[in-house]
Amino acid sequence: MLLRVCAMLLALATIAGFTLWRVDTMWRGTGAQVSSVIRHGYQWYSSQDQVFGAHWVNLQPSSKLRSTELVDGDLPSWGEPRVGPYEDRMRLGVLAIGWPSPWIAWTFESSNRKVLFPPFAEIDDADTSLPNACDVLRGERPGPPFTWKLIPSGFLITALVLSGIYGVLLEYWCARRRAQKNACHSAGSSGSTT
């Protein structure tokens, strides 16, 4: 039981450490791909970028549609836009961290033209949005207030996989320690009988 608790604590520490490392060391993305999606009765400009352990989705409503039933285009579940109403010139950016699956996401929303982050999605095809989002999180760049959410599926899967790996490693380490102790004890016992 103690090994399981230790394995889970190590898994949680790894998740926290990876999150801090990824936010602190973000350099550049690979270049966002701009496309369009249909959600909540709007056609949206969408740009997405990712590097190891970090994902970016940027959305901007471009035109209102007659039907609110249409859904088209791929977005990760954590990057879906909220249901309206939407302010004029609204921009929405979501930064998600985690590997192999994101476990935490921060959402940035702005309609203020003087706030340059998140950028307009239709022109967000450079490789700077990921590091800029991390700069806003760290308070090193101006940006709108942001909210965060845990992504339960990614968090749970990662925590279980990591705790399983740590559990196996701890079991192996304990078995080796016991074997070494027994070997020393056996060597000491046989030496004292001769």
Show the numbers, then the answer: is there a side-chain contact (heavy atoms from CB on, under 4.5 Å) between Leu70 and Asp72? CA-CA 7 Å; Leu70 291 173; Asp72 188 36; over 6 Å; no
Sub-3.5 Å donor-acceptor pair from the side chain of Arg28 to the main-chain atoms of Ala126, do we have one? no
Is a donor on one side and an acceptor on the other found under 3.5 Å between the side chain of Arg39 and the backbone of Pro61? no
Contact list for residues 150-172, test salt bridge (charged side-chain N to carboxylate O under 4.0 Å, His left out), sequence neighbours left out: none
Phe108 and Val136: CA distance, side-chain angles, deciding distance, side-chain contact (heavy atoms from CB on, under 4.5 Å) verdict: CA-CA 9 Å; Phe108 311 85; Val136 171; 3.7 Å; yes
Show which side-chain atoms of residues 15-22 pair as donor or acceptor with protein atoms under 3.5 Å away, not counting sequence neighbours.
{"from": "Thr19", "atom 1": "OG1", "to": "Ile15", "atom 2": "O", "distance (Å)": "2.8"}
{"from": "Thr19", "atom 1": "OG1", "to": "Trp103", "atom 2": "NE1", "distance (Å)": "2.8"}
{"from": "Arg22", "atom 1": "NH1", "to": "Phe52", "atom 2": "O", "distance (Å)": "2.8"}

Donor-acceptor pairs under 3.5 Å, side chain of residues 6-13 to any protein atom, not counting sequence neighbours: which ones?
none

Quick one: pull up NE2 in His40 and CG in Leu65 and give me the separation to the nearest 0.5 Å. 12.5 Å
Show me the donor-acceptor pairs, under 3.5 Å and distance only, between side chains in residues 143-163 and residues at least two apart or in other chains.
{"from": "Thr158", "atom 1": "OG1", "to": "Gly154", "atom 2": "O", "distance (Å)": "2.7"}
{"from": "Ser163", "atom 1": "OG", "to": "Ala159", "atom 2": "O", "distance (Å)": "2.9"}
{"from": "Ser163", "atom 1": "OG", "to": "Leu160", "atom 2": "O", "distance (Å)": "3.1"}

Quick check: does any side chain N or O of Gln48 sit under 3.5 Å from a backbone N or O of Asp74, one acting as donor and the other as acceptor? yes
Return yes if some donor-acceptor pair links the side-chain N/O of Arg138 with the main-chain N/O of Arg141 below 3.5 Å, else return no. no
So ring-ring contact (aromatic ring centres under 6.0 Å, His included) across residues 69-88, not counting sequence neighbours, yields Tyr42-Tyr86, Trp44-Tyr86
Report yes or no: does Asn58 contribute a side-chain atom to a donor-acceptor pair with the main-chain N or O of Pro119 at less than 3.5 Å? yes
Hydrophobic clusters join Ile, Leu, Val, Met, Phe, Trp and Tyr when side-chain heavy atoms are under 4.5 Å apart, directly or via other members; which others share one with Ile123? Phe120
Could you tell me whether the side chain of Ser36 and the main chain of Tyr45 form a donor-acceptor pair under 3.5 Å? no
Please check: side-chain N/O of Thr30 versus main-chain N/O of Gln50, any donor-acceptor pairing under 3.5 Å? yes
